Amino acid sequence: MAAECARADVRDERRVWRGHRQARMRQEPHRLVFLDETYVNTKMTRLRGRSRRGQRLRMSAPFGHWTTHTFLKVFS
């Protein structure tokens with residue numbers, strides 16, 4: 001069991017959650033909003049590819065600008 005579970009302030013917050021907030025969520029489920037977070041890292045870009053025989057493969061990839069882009073999707 002985690003040490004913070006025994007703290008009085010955490011215990012009180014858990015009691016409020018069960019008694020007040022959880023009950024209200026059941027009464028008004030249409031007000032719930034769910035967030036889904038994901039990311040894309042440009043380091044994951046493929047360095048090699050395939051093309052038909054006799055044709056040159058043309059593609060672009062970021063060079064030296066390795067960044068992470070975060071996306072949030074909201075479900076309501």
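Worth saying up front: this structure is predicted, and the values here are computed from it rather than measured. These numbers come from the heavy atoms of this one structure, side chains and all, not from hydrogens, waters or symmetry mates.
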Validation: residues 21-34 side-chain donor-acceptor distances under 3.5 Å, sequence neighbours left out:
from : atom 1 : to  : atom 2 : distance (Å)
E28  : OE1    : R31 : NH1    : 3.0

Query raised in the report: What are the two closest heavy atoms between V10 and C5, and how far apart are they?
Result: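 That would be CG1-CA, 4.4 Å.
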Query raised in the report: From L72 CG over to T38 OG1, what is the distance, rounded to the nearest 0.5 angstrom?
Result: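 Going from CG on L72 over to OG1 on T38, the span is 9.5 Å.
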Query - Exceeds 12 heavy-atom contacts within 6.0 angstrom, atom OH of Y39 - result: no
**Report entry** Set of side chain to side chain donor-acceptor pair (under 3.5 Å) partners for T70, sequence neighbours left out
**Finding:**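 Listed in chain order: nothing, the list is empty.
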Query raised in the report: R11: what forms a salt bridge (charged side-chain N to carboxylate O under 4.0 Å, His left out) with it, not counting sequence neighbours?
Result: none
